[in-house]
Structures are given as C-alpha cells and as structure tokens.
Amino acid sequence: MEFIQDLLIMDGQGKYVWFVLLVFLIVIFLNFYLPYRTIRKIQEENSQSSEE
C-alpha cells in the first residue's frame, strides 16, 4: 500500500505529474476523436448525396 501512495505523491511532485499526464491524455484523445467525427460527418453527407 505504501508503494501506491509513493507512486501517487512522488515526493510532493505527484500532483503536477498526474495533472500533466491527464492533460496529455485529453489532448491525445481529442487528436483522435475530432478527425474521426469529421470523417464520419463527411461520409454521412456523401452517402446521403449519392442516394439522391
């Protein structure tokens, strides 16, 4: 249990490290999600226009 506590606290620097890691993961998620959403939207528009 002490190992997990040491991992989270990291000699007082843990809050900064975990905050940066969280921001990093959010940015990576957005870099994958936003283009995916745009591609899906374009595909739906193209499929609707090809049906007409």
Practice prompt. Look at the side-chain heavy atoms of Ile, Leu, Val, Met, Phe, Trp and Tyr, link any pair under 4.5 Å apart, and say whether M10 and L8 land in one connected group.
Written response: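 Both belong to a single hydrophobic cluster.
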Discussion item. Please determine whether residues I28 and V17 belong to a single hydrophobic cluster, defined as Ile, Leu, Val, Met, Phe, Trp and Tyr linked transitively by side-chain heavy-atom distances below 4.5 Å.
Written reply: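 Yes, one cluster joins them.
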Worksheet item: Linking Ile, Leu, Val, Met, Phe, Trp and Tyr by side-chain heavy atoms under 4.5 Å, what else ends up with I26?
Response: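 I26 clusters with L22, F29, L30, Y33, L34.
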Discussion item. Taking ring pair (Phe, Tyr, Trp, His ring centres under 6.0 Å) as the cut-off, I'd like each qualifying pair that reaches into residues 2-25, sequence neighbours left out, listed once.
Written reply: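 For residues 2-25: none.
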